[in-house]
Amino acid sequence: MAKEITPRSENYSQWYLDIVKKAGLAENSAVRGSMVIKPYGYAIWENIKEDLDRRFKETGHQNAYFPLFIPKSFLSKEADHVEGFAKECAVVTHHRLMNNPDGSGVVVDPSAKLEEELIVRPTSETIIWNTYKNWIKSYRDLPLLINQWANVVRWEMRTRPFLRTAEFLWQEGHTAHATKEEAIQEAKQMHDVYADFAESVMAMPVIKGSKSESERFAGALDTFTIEAMMQDGKALQAGTSHFLGQNFAKAFEVKFLNNENKEEFVWATSWGVSTRLVGALIMTHSDDDGLVLPPKLAPIQVVIVPIPKPNEKILEVANGITTKLKSKGISVKIDIDDKKRPGFKFAEYEMMGVPIRLGIGMRDLDKGVVEVARRDTKEKNAIPLANIEDYIENLLVEIQDNLFQKALNFRKERTSYVDTFEEFKNVLEDKGGFIYAHWDGTAETEEKIKELTKATIRCIPLDAKDEKGVDMISGKPSKNRVLFAKAY
RNA sequence: CGGGGUAUAGCGCAGUCCGGUUAGCGCACCUGCUUUGGGAGCAGGGGGCCGUAGGUUCGAAUCCUACUACCCCGACCA
């Protein structure tokens, strides 16, 4: 076979890399840790972006764009923030190149050294809050609800396509509010937007919760997260929304006059998701035959394969179906390539995760049917041509639901509740996945568990029921269980 | 950044240990014919500064040094 994928059971991370490569999503570039997102992979990101952008606008946000470069001094203004990002910043020190006198090519012109170095943004809080200082004077200027679609750079030690790259695409929302309550409400609202998007569009079930202090965003008072389970049982943080308190307002002196003419610092949030979501999508649904995409994000929702190759009658039927599907907003591709045989195309579109494939051949047409193959279950059925567009429309919905249910069932099977550390270690070893256990709320036990098992607290679930228990390590009392897992 | 591995055509590999004329194979690609309901067959053909830079040698894919990238395992992280 031309394009074999390493089975998940054999080597999960190789399987992931094979899919990224063979489905044509991305490839490594000439730049360390940076990938080229290829057209098919970018089309998925565009679909993610389009849906999220609509949701942001529906919740009152506007898009804007801030500079890629941040003056170095800005990073020093918020202590926790700089500590979190300092170790992974790309720094611009010069602005000119010159021919090397020895003729060996270009070198940095030493006379073009910058007065103050520029940092390539690892996130934009600092440059944005420095700007907000000028935009906010009165309570009438609030709330300020801005989102930015951008690239950021974090110089990571080890990278993987989509999951962690030195440069990545994301959106970052940065909002300013008059009150603490309103800011917390905003952070929670965007947390909900992410969770709903993950579940209803990506068909990826997530656990909503807040981060423990040690896992919090650098500079945040509270970080809300959505955590998804990948097919190897590991957790992936898929989106975060932060309540930043007045930390950045104080660091950048962003004050407003309230309606009593008193000066106050504003309250802030920031929230983001990245191209990591494409990686999450892959690791949630795909199988050993390739990518599996939820219909709502698939660049091609239906592919029509003439069997064995296009002829006038087949194309007439295919075009008829296409017109009807397109009028329902369904994206369709007719593969008219007559150099490749059907079997090849079948495998190819399965690799690409196209949700529905229609096989149209004379043998079926004589009986008034076409073959409908669904990617998620691999089922094939002969479906009458009459009103096939309704059948397909419904099937897309069914596939979307099925993918979500399948992922949800998988998560249920791989979720455990344990009370002792012995049990915790055993479950982690044998079964992996998510583990709910009691925790005394201290960083010490959290750190100890991480040291001993590599598992971390993914979140303190929002819907955690009150349940008295004792911490597995310290034996101290606990009011509810928190979510542990090994994570990406 | 630490430990281990790899780098030869677009992809996957052999050749490297033990240096020797023109560097092979499979897939992919091009041409032609025959095919065509799950990755077609035959015939012919194109494609390589052997990761990069130095060094040793009459001669380097092969030996030595450095660098870079990728993979696996850690530490860090969305």
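Every chain is numbered from 1, with letters handed out A, B, ... down the list of sequences.
Taking the side chain of A:Lys380 as heavy atoms from C-beta on, and the options B:C70, B:U36, B:G38, the nearest nucleotide is B:G38. Distance from the side chain of A:Glu348 is smallest to B:G39 among B:G39, B:C76, B:G38. Of the candidates B:G74, B:G38, B:C72, the closest approach to any side-chain atom of A:Phe346 belongs to B:G38. Of the candidate nucleotides B:G37, B:U36, B:G38, B:G38 has the atom nearest to the side chain of A:Ala347. Residue A:Arg363 places its side chain closer to B:G37 than to any other of B:G37, B:A75, B:G38.
Contact check on A:Asp287 versus A:Arg375 returns a salt bridge, with a Lys/Arg side-chain nitrogen under 4.0 Å from an Asp/Glu carboxylate oxygen. Looking at A:Lys339 and A:Asp337, no side-chain N of the basic residue comes within less than 4.0 Å of a carboxylate O on the acidic one, giving no salt bridge. Note on A:Glu27 versus A:Lys38: salt bridge recorded, some NZ/NE/NH1/NH2 to OD/OE distance being below 4.0 Å. We find that A:Lys340 and A:Glu348 are not joined by a salt bridge, their nearest charged nitrogen and carboxylate oxygen being 4.0 Å or further apart. Here A:Lys378 pairs with A:Asp289 in a salt bridge; the nearest charged N to carboxylate O distance falls below 4.0 Å. A:Arg8 has a carboxylate O that lies under 4.0 Å from a charged side-chain N of A:Asp288, or vice versa, which qualifies the two as a salt bridge.
Nearest-nucleotide positions on RNA chain B for A:Lys450 and A:Gly361 put A:Gly361 closer to the 5' end. Mapping A:Glu88 and A:Arg357 onto RNA chain B via the closest heavy atom, the residue that lands nearer the 5' end is A:Arg357.
Remark: the separation of the C1' atoms in B:U35 and B:C18 is 49 Å, to the nearest Å. Spacing between B:C29 and B:C11 at atom P, rounded to whole Å, works out to 15 Å. A gap of 49 Å separates the P atoms of B:G44 and B:G4, to the nearest Å. B:C64 and B:U21 have their C1' atoms separated by 25 Å, with the value rounded to a whole Å. With both ends at atom P, the span from B:U68 to B:U52 equals 15 Å, rounded to whole Å. Separating the P atom of B:U56 from that of B:A14 is a span of 31 Å, rounded to the nearest Å.
Using a 4.0 Å heavy-atom criterion, one finds that A:Glu350 contacts the bases of the nucleic acid, with or without backbone contacts as well. Residue A:Asp338 is out of contact with every strand shown, counting any heavy-atom pair closer than 4.0 Å. A:Gly279 comes within 4.0 angstrom of no nucleic acid atom, judged by non-hydrogen atoms across all strands. At the heavy-atom level, A:Lys87 lies nowhere under 4.0 Å from the strands shown. Base contact: A:Phe168 has a heavy atom under 4.0 Å from a base atom. Looking at heavy-atom distances under 4.0 Å, A:Leu163 makes contact with a base. Across all strands shown, A:Thr6 has no heavy atoms under 4.0 Å from either base or sugar-phosphate atoms.
When the P atom of B:G74 is taken as reference, atom CZ of A:Arg160 falls 11 Å away, rounded to whole Å. Counting to the nearest Å, the C1' atom of B:C76 and the CZ atom of A:Arg154 are 13 Å from each other. At whole-Å resolution of the value, OH in A:Tyr16 and P in B:C72 are 12 Å apart. The separation between A:Glu156 atom CD and B:A75 atom C1' is 12 Å, rounded to whole Å. A:Gln14 places its CD atom 6 Å from the P atom of B:C72, with the value rounded to the nearest Å. At whole-Å resolution of the value, CG in A:Asp289 and P in B:G38 are 16 Å apart. A straight line from CZ of A:Phe85 to P of B:C76 spans 16 Å, rounded to a whole angstrom. Rounded to a whole Å, the CG atom of A:Asn28 is 14 Å from the C1' atom of B:A7.
Between B:C71 and A:Ser13, no contact under 4.0 Å exists linking OP1 or OP2 to a side-chain N or O. Distances shorter than 4.0 Å separate some side-chain N or O of A:Lys21 from OP1 or OP2 on B:G12.
Ring centers of A:His81 and A:Phe248: under 6.0 Å apart, within the cut-off.
Nucleotide B:U62 has no partner under the Watson-Crick or G-U criteria, as no pair reaches both atom distances under 3.5 Å. Partner assigned to B:C17 is none, using Watson-Crick or G-U wobble distances below 3.5 angstrom. When both distances must be under 3.5 Å, the Watson-Crick or G-U wobble mate of B:A40 is B:U34. With both pairing distances under 3.5 Å, B:G10 is matched to B:C27 as a Watson-Crick or G-U wobble pair. Look at B:U56: it lacks any Watson-Crick or wobble partner with both distances under 3.5 angstrom. Partner assigned to B:G46 is none, using Watson-Crick or G-U wobble distances below 3.5 angstrom.
In this structure A:Leu365 satisfies the side-chain contact (heavy atoms from CB on, under 4.5 Å) test together with A:Lys313, A:Ile314, A:Val317, A:Ile360, A:Met362, A:Val370, A:Leu385, sequence neighbours excluded.
Taking the six-membered ring where the residue is Trp, A:Phe168 and A:Trp170 present perpendicular rings, their angle passing 60° and hence far from 30°.
For residues 267-306 of chain A, the ring pair (Phe, Tyr, Trp, His ring centres under 6.0 Å) pairs, not counting sequence neighbours, are A:Phe56-A:Trp271, A:His61-A:Trp271.
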I'd like a list of close polar pairs between nucleotides 40-44 of chain B and the protein, N/O only, cut-off under 3.5 Å.
residue	atom	partner	partner atom	Å
B:A40	OP2	A:Arg341	NH1	3.3
B:A40	O4'	A:Arg341	NH1	2.3
B:A40	N9	A:Arg341	NH1	3.2

